[in-house]
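Below you'll find the structure, written out as C-alpha cells, and then a few comments.
Reminder, nothing fancy here: chain letters follow the sequence lines and each chain counts from 1.
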Number of protein chains: 2
Amino acid sequence: MKDLVSRCPIEEVMQVLSGRWPTLLIYYLKDGTKRFSDLRRDNPTISHKMLAFELRKLEAAGIVQRTEFGGYPLRVEYDLTPAGERIVPLIDALGDWWEEAAGAEADGTRETESVGAPQVR
Amino acid sequence: MKDLVSRCPIEEVMQVLSGRWPTLLIYYLKDGTKRFSDLRRDNPTISHKMLAFELRKLEAAGIVQRTEFGGYPLRVEYDLTPAGERIVPLIDALGDWWEEAAGAEADGTRETESVGAPQVR
DNA sequence: CGGTATCCTCGGAGATACTG
DNA sequence: CAGTATCTCCGAGGATACCG
C-alpha cells in the first residue's frame with residue numbers, strides 16, 4: 001500500500017541505512033575514493049547487483065558522490081559527499097553505544113525480576 | 001553464511017535497528033510504559049507476530065524492558081531500559097541529519113506533500 | 001570495468017488458530 | 001490479553017549473462 005511516505009525523518013533515514021551494506025559501504029568510503037571494483041574487494045560477500053543497487057540508493061540519499069570518467073574500460077569513482085561525511089560520527093555514536101550497552105549488560109545489569117508474578121512456564 | 005559474527009559494533013547495532021519497526025517502537029516507548037496492545041494500536045500496520053518478534057529482539061539487545069504481571073487476562077508492560085533511553089538522542093541525531101541533508105540537497109521537490117487521501121476512519 | 005536485465009530460489013513476514 | 005505455532009506467499013537478493 002505505499003503508505004511508506006514516512007512523515008517521520010527517522011523512518012526515512014532508516015530506510016536508507018537499514019540492511020547489512022549501507023553502513024559498511026559508508027565506512028569503506030570513509031577511507032577515501034573507491035572504485036566499484038575496490039568496494040567489491042572490500043566486501044567480498046556482496047553481490048555485484050546489490051553493490052550497484054546500494055550505491056545508487058546512497059547516491060540518491062545524498063550520501064555518496066558518483067563520478068564517471070569516460071574511457072575504456074570504464075572508470076567510476078565513489079566518494080562520500082560532505083553530508084555523507086557528516087553522518088559518519090553519528091553512526092559511530094551508535095557503535096559506541098552498542099559497545100557500552102553490550103558491556104554493561106554482560107556485567108551485572110541484567111534481567112527482569114519478576115514483579116509480583118512468578119511466571120509459570 | 002553465518003559469517004555474520006559482525007566483528008564490528010556498527011554492524012551489530014544495525015542488525016537490531018534495521019527495518020521498519022525497531023526505531024518506531026523505541027519512539028512509542030519513549031512516551032512511557034506501554035502494553036502489547038498499546039503498541040499494536042500505535043502501529044496499526046504491524047502484525048501481531050512481528051510485534052512480538054521485534055519486541056523480543058529489542059529486549060535481547062537490552063533496549064527494552066519486558067515486565068510480566070500474572071493475572072488474567074495477562075498483562076505485560078514494555079519500557080525502555082536506561083540504555084534504551086540513551087540511544088534515543090543518537091537516533092534523533094540521524095533524523096536531524098536527514099532533515100538537514102535532504103533539505104540542502106533536494107530543496108524544491110521534497111516536501112511532505114502528499115496526495116492527501118486522509119484515510120480517516 | 002561498471003551497470004542492467006533475467007531468472008530463480010529461499011526466507012521474511014502476513015493470516016489464522018490455538019494456549020495460558 | 002500476550003504469545004507461539006503453522007501454513008502460505010511474495011519479493012529481496014543471488015547467479016548468470018549481456019551491453020557500453
### Message
Please classify the nucleic acid contact of Phe53(B) as base, sugar-phosphate, or nothing, using heavy-atom distances under 4.0 Å.
### Response
nothing
#### Entry: Interatomic distance, Leu25(B) CG vs dA2(D) P [rounded to whole Å]
14 Å
### Summary
DNA chain D nearest-nucleotide lookup for Leu74(A) and Ile46(A): closer to the 5′ end is Ile46(A)
### Task
Grab the CD-P distance between Glu59(B) and dA2(D) for me, whole Å please.
15 Å
#### Entry: First encountered from the 5' end of DNA chain D, between Pro73(A) and Asp38(B)
Asp38(B)
### Summary
In whole angstroms, the gap separating C1' of dA13(C) from CG of Asn43(B) amounts to 15 Å
### Query
So what does Phe69(A) hit on the nucleic acid, given a heavy-atom distance under 4.0 Å: a base, only sugar-phosphate, or nothing?
nothing
### Task
To the nearest Å, give me how far apart CZ (Arg20(A)) and C1' (dG13(D)) are.
12 Å
### Query
Which whole-number value in Å describes the distance from Leu55(B) CG to dT4(D) P?
11 Å
### Query
Does a nitrogen or oxygen in the side chain of Arg66(A) sit under 4.0 Å from OP1 or OP2 of dG3(C)?
yes
### Message
Any donor-acceptor pair, under 3.5 Å, between the side chain of His48(A) and the base of dG2(C), if you only look at N and O atoms?
### Response
no
### Task
May I ask you to say what Arg56(A) touches in the nucleic acid, namely base, sugar-phosphate or nothing, with a heavy-atom cut-off under 4.0 Å?
sugar-phosphate
### Task
Check the distance between dC7(C)'s P and Lys49(A)'s NZ and give it to me in whole angstrom.
12 Å
### Task
Could you tell me the separation between the CD atom of Glu54(A) and the P atom of dT4(C), rounded to a whole number of Å?
14 Å
### Query
Would one find a side-chain N or O of Arg35(B) under 4.0 angstrom from OP1 or OP2 of dA2(D)?
yes
### Message
Strictly distance-based, threshold 3.5 Å: is any side-chain N or O of Trp98(A) a donor or acceptor partner for the main-chain N or O of Cys8(B)?
### Response
no
### Query
Which nucleotide in the list dC1(D), dC1(C), dG14(D) gets nearest to the side chain of Met50(A)?
dG14(D)
### Query
OP1 or OP2 of dC1(D) less than 4.0 angstrom from a side-chain nitrogen or oxygen of Tyr78(B), does that happen here?
no
### Query
Rounded to the nearest 0.5 Å, how far apart are CG of Asp92(B) and CD1 of Ile10(A)?
5.0 Å
### Query
Just by distance, with hydrogens left out, do Glu54(B) and Trp21(B) show a side-chain donor and acceptor under 3.5 Å apart?
no
### Message
As an exercise, state the distance from CG of Asp42(B) to CG of Leu25(B), rounded to the nearest 0.5 Å.
### Response
9.0 Å
### Task
State plainly whether the residues Asp38(A) and Arg35(A) are in salt-bridge range, i.e. N to O under 4.0 Å.
no
#### Entry: Whole angstrom value for the distance that separates C1' of dA15(D) from CG of Leu51(A)
15 Å
### Task
Could you say whether Arg75(A) or Tyr72(B) is positioned toward the 5' end of DNA chain C, judged by the nucleotide with the nearest heavy atom to each?
Arg75(A)
### Query
Just to confirm, is there a sub-4.0 Å distance from OP1 or OP2 of dA2(D) to any side-chain nitrogen or oxygen of Ser37(B)?
yes
